[in-house]
Structure formats: C-alpha cells, structure tokens
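One structure below.
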Amino acid sequence: MLFIQLAIKDRSMPSHSQHRKTTTILRLIVSLLVIISGLALTAGGGYLAALGGSWYYVLAGLLMMVSGVELFRGNYRGTRIFYLILAGTFLWTAWESGLDYWRWVPRLDVVLALAILVVLISPSLRGGISRPASYKLAGSFGAAFLIAVGLAFLPGINFHHYAAVPAPAAATPYGTSFAGLQKSDAPDDKDWPAYGRDAAATRFSPLKQINAQNVSELKVAWQMRTGDLLSHGWGGENTPLKIGSTLYACSVHNRIIAIDAGNGSVKWTYDPVVSEGAIPSHAACRGVSYFEVPADKRDINASSPQACIRRIVYTTIDARMIELDADTGKPCSQFGNNGQIYFNDHLGNLPEGYVASHAAPVIVNDVVITGTDVIDGQSEDEPSGVIRGYNVYTGEAIWAWDATHPDHTAPLTGDEVYPRSSPNVWATAVGDNKLGLVYLPTGNGAPDYMSAQRNPGKRAYSSSVVALNAATGNVVWHFQTVHNDVWDYDLGSQPTLVDYPTSKGKVPALIIPTKQGDIYVLNRATGEPIAGGAEERPVPGGGVEPNDRAKTQPFSLFANVRSHALTARDTWGITPFDQLYCRVQFQKAQYDGIYTAPTADKPYIQYPSYNGGVDWGSISVDPQRGVLIANYSNIAMYNQLVPKHVVEKEGWKTRAEAGEGAQTSEDMNSPQQGADYGVAVNAGWRVPFTRLLCTEPPYGGIRAIDMKSGKTLWESPLGTARENGPFDIKTGLPINIGTPNNGGSVITAGGLVFIAAATDNLFRAIDITSGKVVWSVPLPAGGQTIPVVYEENGKEYVLIHATGHNLMDTPMGDYVIAYALPDVK
C-alpha cells in the first residue's frame with residue numbers, strides 16, 4: 001500500500017510542476033506585454049507631451065511599466081496598479097470622447113484586452129485572487145469588450161444620423177424647361193441621353209417601376225464585359241448613355257461600345273487607338289454626348305439615307321474630339337479630318353500624357369465645348385488650360401477662352417501659343433440652350449500649392465464657375481469659390497440647373513458643390529448667389545506667402561457637407577499606439593482650420609483634402625420632391641512644402657523627366673519645377689505601418705438636403721469595412737465606417753437613390769424618404785462611377801459600369817451590369 005501511494009505521488013509531481021511552469025511562463029509573457037506597451041506609450045507620450053499635447057499617454061505608460069515589473073516579480077500589486085490604469089483610461093476617454101464611439105476604440109481596446117490577461121494570471125501572484133474570482137472578473141471584462149465590438153455593427157452608432165423628415169412633393173417643381181432642341185433638353189422617360197441624364201444634369205429619372213417596396217427583388221438582368229483592361233491607371237468612371245434601344249459605353253482606352261439595352265449584346269464598337277503613354281493618373285472616360293441634327297438642317301433632297309444625323313460626340317485621353325454615327329459607329333466624315341480633330345495645338349511644350357480629356361463635351365445649340373485635364377504638380381510651366389468651342393457639324397474652331405487673357409477669344413493661328421499654366425476645366429460642364437450660356441467649373445493655375453507668380457487672370461478665374469457666351473466665348477459672369485487657391489480646391493463637379501422658386505417667382509438657377517463641402521445656388525443668368533446667399537469670412541493667413549493669402553474666403557449660407565474642424569482628439573488609429581503616432585503628427589503640424597496656409601518649416605494639415613467634399617460625382621436633384629442628394633468624402637491631407645534646393649538635392653523629377661508619362665499616385669512628391677518650393681503630399685494622411693487613416697471615421701457620407709431651406713433631411717455614412725482594414729486586410733465586416741468615395745448618385749420617381757462610389761464595392765439603393773439602405777449587392781469591380789436608370793421593352797433597368805479605380809484601391813474590371821425586377825410569371 002505504501003508503495004502504491006508513493007508511486008501515485010511520484011506520478012502527480014510532474015503534473016503539478018508542469019502547471020506551475022506554465023503559469024510562470026504565462027505570467028512572464030503578460031508582464032512583458034504590459035512592460036513593452038508601457039515603454040511604447042511612455043516614449044511616444046513623452047514626445048507628445050513635449051510638443052504640448054496630452055499627458056495621458058506618458059502617465060499611463062509609466063504606470064504600465066511599473067505594473068509590468070510588479071507582475072514580473074509575481075506581486076499582486078501589479079494587478080492593482082493596472083486596475084488604476086484601466087479606471088483612469090476609462091475616465092479620460094469619457095472626458096475626451098463623450099458619446100463619440102470611434103474615439104473610444106483606440107483609447108480602450110488594448111488596455112481592456114491587457115486587463116483581461118492581467119486578471120487571468122492574478123491567481124498565480126502573491127496575494128492574488130482565487131481562480132474562480134479571476135474567471136468571473138475576466139469574463140466581465142471580456143463581455144464588455146465583446147459588447148464594445150458589437151456596438152460597431154449597430155446602424156447609426158458611429159454617426160449622427162438626422163431624424164428623417166420626408167420632403168413632400170414640391171408645390172412648385174424644381175424642373176428646368178429648355179427649348180427642346182435636343183433629346184437631353186426634354187428626355188423621353190425611358191432614356192438617359194446625357195451624362196447627367198438631361199441637359200440640366202439633374203440625374204433624376206421619372207421611372208418608378210422599381211420602388212422601395214420591391215427593390216429587394218432586383219437581380220442581374222444581363223452582364224457584358226468590354227474586354228478593355230489595364231495593368232495600371234484603371235479608373236474608367238464611365239456613365240453610359242441610353243437613347244432608343246441602344247446604350248453607349250466608353251472603356252478605359254476610349255473605345256465606344258454600342259450595346260443592346262435589353263439584352264447586353266454588342267451592336268458595334270469603335271476603337272480610337274489611344275496609346276498607353278497618353279494615360280494620365282488614370283484612364284477615365286466619364287461620358288460621351290449625343291447630338292441629333294435638327295430637321296431643318298438635314299439634306300432632305302438626299303437620295304439615300306443620310307449618315308451622322310444621330311451622333312456620338314466625345315473626347316479622348318490623347319486630346320482628340322471624335323464624332324461617330326450613332327447607328328453604325330463609323331466616323332462622321334463631315335467633322336474635322338474623317339471624324340476627328342486634335343485640340344492640343346498651340347500649347348507649346350507638351351510632354352506625352354500632360355493634357356487629356358476625361359469629361360463628356362457639352363453642346364450648346366450648334367457649338368460643342370471642351371476643356372482639358374492638365375497634370376498637376378509638375379511645373380509652373382505647364383500647358384494652358386484653354387477651353388475651346390467648335391462647330392458641332394464641321395469641327396471648325398469658333399473660339400478659345402484662356403483665363404490669362406479672358407477678353408481674347410479668337411482661336412490662335414500660326415506659331416502662337418496659349419499662355420502657360422492657366423486654369424483648366426477638367427470636370428464636366430453644363431449648358432443652357434435658352435440663355436445660350438455654358439457654365440465652366442474651373443481648376444487653378446499651376447503650380448497648385450504656390451500662388452505668388454500668378455497673374456490677375458489666373459487669380460480671378462481659378463476655382464470658379466465661369467459663364468461664357470457659348471457662341472462667342474466671351475465671359476458673361478463668374479463666381480469664385482476659392483480666392484487665390486493654393487489647396488487644389490478646383491471645382492470637380494458638374495453644375496446642376498434648376499428653376500428655383502423664390503418670393504419673386506422662379507429664378508433660373510445653378511447649383512454647384514465644392515471640395516470644401518459648400519453647396520452654392522447661383523442665379524445662372526447673373527451669377528448672383530440666391531437661396532440664402534454666400535458670405536466672406538476671415539480665414540487663416542501666414543505660410544510661405546503671407547502677403548499673398550486672401551484675408552477672407554466665401555462660404556455658402558445655403559448648405560454644406562463639411563465636418564467640424566479637427567482637434568487632437570479627432571486623431572485615430574486601431575490601437576492607442578497608432579493613434580498616438582497620429583496625435584504626435586497633429587501636434588507637429590500647422591493646422592488653423594479650413595484654409596490653413598501651406599508651410600515649409602513644418603507640415604500642415606489640409607482638411608478637407610482635395611479629395612474631400614463633393615468631387616466629380618456631383619449631386620443629384622429630385623425636382624418633384626425638392627430634395628438634393630450629395631455624397632462626399634471626409635478625409636484630411638498631411639502636406640509640407642519643400643524648398644527648391646532640397647527638391648534638387650533629393651532628385652525629384654517631373655514625370656516627363658523621369659520618362660514615366662503622366663502616371664501618378666495619391667501619395668507623391670510634386671517637384672513644382674520653377675517654383676520656390678515643391679510639395680510632399682500625403683493625400684490620405686495614413687499611418688505608414690497600418691495603412692489606416694489618421695482621422696476617425698466616418699470617411700464619407702451621403703446627405704439629403706431640402707432644396708427650399710438648405711436643411712439636412714437625413715445623413716448616413718457611405719461605405720462599410722468589408723473591403724477595408726488595417727494593413728490593407730479586407731475584413732469582410734459590414735461595419736458602416738463611411739469610406740472615401742468617388743462617383744455619384746441617381747434618383748428615381750420610385751423614391752430611390754442608387755449609388756455605388758464607396759470603396760466597399762457595394763451597389764446600393766437608399767430610400768429617399770428615410771435614408772435607409774433597402775438593397776445592396778456586391779460588384780465584381782469597384783463602382784466609382786454614376787449609375788444609369790432606363791426602360792426597355794416595358795422593363796426598368798438600373799445599370800452600372802464597374803471598372804474599379806487605381807486611386808481608390810478598388811478592384812479593376814470591365815463590367816457593364818444591368819439589374820431589373822424578375823419577370824412576372
């Protein structure tokens with residue numbers, strides 16, 4: 001019996017020893033994690049405190065190190081100290097964050113996770129609690145952690161969602177009546193004959209077969225692929241047209257594909273043969289235009305069917321304008337040289353890829369007008385941004401307008417060259433046939449971040465809406481949205497035209513959103529602000545050109561989609577460590593709110609960024625309900641001007657010098673050759689090691705605005721984390737963080753807003769009365785474009801051209817996808 005007892009005792013000893021060894025190892029691991037975390041917070045927090053920032057991090061870090069040492073030594077005192085850290089962090093977070101969910105995440109997640117580990121090893125410490133007690137406490141902390149994670153999935157937890165206030169059908173509709181010269185002036189309900197659906201660019205379809213009650217039944221009706229893909233610079237941004245039974249899509253190489261609107265079969269294609277070297281930052285072809293020769297200008301005596309009565313008019317990446325017969329796809333021989341003209345003449349030195357056109361040309365009466373996209377950031381000696389008007393039948397140059405010499409509109413001849421680096425028009429313009437005006441959203445003159453060398457014309461007409469007489473090119477009026485722009489806040493949106501009801505009757509109006517987030521309503525005959533107006537407000541000065549900064553900037557009194565000014569508390573990360581990194585960066589930078597002047601002695605924060613506010617996706621307007629829909633991005637930039645001698649020392653080259661064509665990225669060093677400074681751009685202000693943005697979510701949203709009052713009806717984040725996450729990991733999580741977005745929305749009389757645009761690759765339908773998503777479907781490629789709604793053979797379709805976008809990090813594709821309700825059996 002004694003032998004047996006000794007044998008049992010001998011067999012149990014190794015097990016007890018192994019358990020003690022395991023608990024010791026766990027204790028050492030946890031204590032080292034606490035010590036290392038404390039070291040990181042102490043080092044970074046000490047630097048932050050020295051910069052004048054919050055003292056929390058250094059104090060918490062010091063206490064963590066003390067706690068970790070005590071835990072390492074096996075003393076329960078280390079646990080008590082960590083309880084103090086947890087309680088202090090909770091109180092500090094509540095003081096800094098209030099009810100802002102996303103501010104709580106980086107401040108508490110790691111501390112709470114460490115607290116769970118510390119509690120679990122407590123029974124192994126001298127004077128520690130019992131194992132059952134540790135399990136209960138760790139379970140409580142774990143439950144709190146899981147609840148906090150779960151809150152992220154609740155709609156509205158991370159964003160102030162306005163109470164939905166349905167706008168009634170307007171007593172005086174906001175429609176725009178034109179002379180009816182073209183299909184876009186008074187579109188057939190079934191069609192989408194212009195980039196913005198109609199000549200007024202409302203992006204509103206009167207179709208209502210698909211509505212909030214049945215939209216959940218939408219399925220793919222047909223899908224086709226253009227076969228046009230790129231290994232770099234993808235980003236087609238295309239919104240097809242639909243006229244009659246045919247869709248007209250444009251691919252990344254500017255190939256035109258005529259598609260049967262009912263089944264997706266290809267009717268004809270046209271390839272302009274664009275070279276790879278001509279592709280600028282991305283290969284966009286946002287849209288094409290449609291022109292129908294009026295009956296009184298057709299050759300009624302012709303013995304055979306006439307070609308090119310119905311025309312597709314578009315521009316290319318390599319600066320050509322092309323007219324095709326809409327029925328056959330063959331070039332219109334009457335136009336230019338066998339259907340095409342080049343508009344890169346008289347531009348002087350012109351490296352390949354420096355001048356392109358992405359936008360659909362605008363046609364006002366018999367004049368077709370186009371601007372250009374001139375590459376940013378290379379030099380102060382870049383090609384002119386001249387805007388040109390051509391005879392829509394022959395391609396003959398009628399006028400050319402350059403902001404440097406705004407009163408000289410006769411096209412140049414011989415060896416004459418347009419003034420260098422003048423403001424361009426890369427966005428889509430809009431025209432009014434009745435008033436005979438074209439409305440140009442202008443950019444700013446190069447270089448983007450310096451202004452002292454700009455002449456009066458560049459200063460006066462940059463970042464403005466400029467109304468020209470479409471027949472002559474003469475300026476009728478202009479309204480500037482940024483004075484002496486050094487933030488690249490050029491106007492990227494197509495203006496929208498409405499007849500705006502006032503106490504004195506309807507006023508012909510123009511609505512233009514900006515990258516700063518302002519939305520202006522202007523009298524389109526005079527340029528005067530209406531609907532609340534606008535005011536000049538004082539803005540920060542200083543920077544490298546203090547005498548050149550405007551004392552005031554315009555602000556809309558109608559509506560805006562801006563967020564609040566940043567504070568150190570708005571810096572973010574997924575953990576306290578990357579949040580601390582961003583907080584240090586904030587403290588090191590110059591930030592005086594919107595219009596912070598560019599600086600060279602330290603970085604400066606630009607918020608919103610040049611990808612902020614409303615960009616080329618523009619707005620959509622429901623003229624029946626009197627509701628405006630605006631989607632927007634909400635991200636910051638972290639920039640710094642770099643002296644010329646440093647630029648030269650570091651070997652920064654222009655794209656032409658580097659032999660790289662015009663290929664660019666969002667994070668880049670721009671030499672601004674010829675200026676006193678280049679600029680280092682961090683366009684998304686990211687943490688380099690996690691790739692997360694340095695400001696808290698949401699990074700993009702969508703808002704419904706009452707057009708009568710300018711008040712918000714509802715607002716929601718736009719975009720989930722399913723395709724986003726730290727270290728560029730696709731999390732697959734449906735957390736509605738609101739992502740940066742490019743592209744726009746359409747509204748239907750069925751009470752729906754259709755939009756993709758976000759970086760989660762989802763195509764959505766939103767109930768316009770409540771702001772709730774009532775349908776969504778994943779796309780095979782990024783949906784950075786504007787959808788189309790049309791009817792064919794009695795069936796309503798919703799179509800999107802999904803190509804992805806290299807600058808938005810969304811998947812590349814070549815898909816044209818049409819959705820419809822199932823056939824009733």
Side-chain angles (χ1 to χ4, degrees), residues 178-179 181 199-201 289 291 313 315 321 341 343 345-347 357 359 361-372 374 383-414 416-445 454-481 490-491 494-495 497 507-510 512 520 522-529:
F178 289 138
L181 299 175
S289 296
F291 180 78
V313 187
T315 55
M321 183 181 291
I341 58 172
F343 49 89
D345 55 310
H346 302 289
L347 295 182
S357 182
V362 60
I363 303 168
V364 181
N365 298 322
D366 290 344
V367 181
V368 56
I369 299 140
T370 186
T372 54
V374 181
S384 165
V386 60
I387 294 89
R388 312 189 197 215
Y390 298 92
N391 183 294
V392 72
Y393 301 105
T394 66
E396 177 188 1
I398 299 174
W399 54 261
W401 183 80
D402 186 286
T404 305
H405 299 302
D407 298 326
H408 181 83
T409 61
L412 297 186
T413 59
E416 294 178 295
V417 174
Y418 289 105
R420 307 288 287 177
S421 301
S422 53
N424 64 330
V425 175
W426 61 266
T428 307
V430 69
D432 184 331
N433 286 329
K434 188 174 181 180
L435 293 177
L437 300 179
V438 59
Y439 305 99
L440 307 173
T442 69
N444 52 354
R454 294 176 185 165
N455 65 22
K458 294 180 183 179
R459 291 173 185 265
Y461 293 102
S462 69
S463 303
S464 301
V465 179
V466 180
L468 301 183
N469 182 311
T472 65
N474 293 319
V475 176
V476 177
W477 59 260
H478 75 284
F479 177 85
Q480 191 164 60
T481 61
D490 47 4
L491 288 174
Q494 182 183 29
L497 309 184
V507 173
L510 173 149
I512 184 72
Y520 294 96
L522 309 175
N523 183 318
R524 70 175 183 269
T526 66
E528 293 296 318

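Position 1 is the first residue of the sequence; numbering continues from there. A quick note: this is a predicted structure, and the numbers were derived from the prediction, not measured.
Applying the ring-ring contact (aromatic ring centres under 6.0 Å, His included) criterion to Y520, with sequence neighbours excluded, gives F479. Not counting sequence neighbours, D402 has no partner by the salt bridge (charged side-chain N to carboxylate O under 4.0 Å, His left out) test. Residues that satisfy the side-chain hydrogen bond (donor to acceptor under 3.5 Å, both in side chains) test with T472, not counting sequence neighbours, are N474. Listed by chain and number, the residues in a side-chain hydrogen bond (donor to acceptor under 3.5 Å, both in side chains) with S463 are D485 (sequence neighbours excluded). Applying the side chain to side chain contact (heavy atoms under 4.5 Å, CB included) rule to T372 yields the partners F343, V355, V374, N424; only residues at least two apart in sequence or on another chain are considered. Partners of R388 by salt bridge (charged side-chain N to carboxylate O under 4.0 Å, His left out), not counting sequence neighbours, listed by chain and number: D345. With sequence neighbours left out, the ring-ring contact (aromatic ring centres under 6.0 Å, His included) criterion links H346 to no other residue. In this view, A427 and P441 satisfy the side chain to side chain contact (heavy atoms under 4.5 Å, CB included) rule, not counting sequence neighbours. Contacts of D432 classified as side-chain hydrogen bond (donor to acceptor under 3.5 Å, both in side chains), with partners at least two apart in sequence or in another chain: R524. In this view, Y418 satisfies the ring-ring contact (aromatic ring centres under 6.0 Å, His included) rule with no residue, not counting sequence neighbours.
Note that OG of S422 is 11.5 Å distant from CZ of R454, once rounded to the nearest 0.5 Å. Interatomic distance, W426 CH2 to T442 OG1, rounded to the nearest 0.5 Å: 11.5 Å. Taking CD1 from I387 and CG from L468, the interatomic distance works out to 7.5 Å, rounded to the nearest 0.5 Å. Between the OG1 atom of T404 and the CG atom of N455 there is a distance of 5.0 Å, given to the nearest 0.5 Å. Separating the CH2 atom in W477 from the CG atom in L437 is a distance of 8.5 Å, to the nearest 0.5 Å. A distance of 5.5 Å separates CG in N444 from CG in D490, rounded to the nearest 0.5 Å.
Between V362 and L440, the closest side-chain pair of non-hydrogen atoms is not below 4.5 Å. Using a 4.5 Å heavy-atom cutoff, the side chains of Y439 and I512 are not in contact. At a threshold of 4.5 Å between non-hydrogen side-chain atoms, the residues P383 and R420 count as touching.
Of the possible polar contacts, one joining the T315 side chain to the A359 backbone as a donor-acceptor pair under 3.5 Å is found.
Listed by first and then second residue, the salt bridge (Lys or Arg N to Asp or Glu O under 4.0 Å) pairs involving residues 457-477 are R459-D548 (not counting sequence neighbours).
Contact record, P423 with A403: CD-CB, 3.8 Å, taken as the closest heavy-atom pair. Closest heavy-atom contact between A429 and Q494: O-NE2, 3.1 Å. Taking every heavy atom of both residues into account, L412 and V417 meet most closely at CD1-C, 3.5 Å. The two residues S462 and G445 have their closest heavy-atom pair at CB-N, 4.3 Å.
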Under 3.5 Å, which donor-acceptor pairs do the side chains of residues 394-401 form with other protein atoms, sequence neighbours left out?
from	atom 1	to	atom 2	distance (Å)
T394	OG1	E396	N	3.1
W399	NE1	A470	O	2.9
W401	NE1	P406	O	3.2

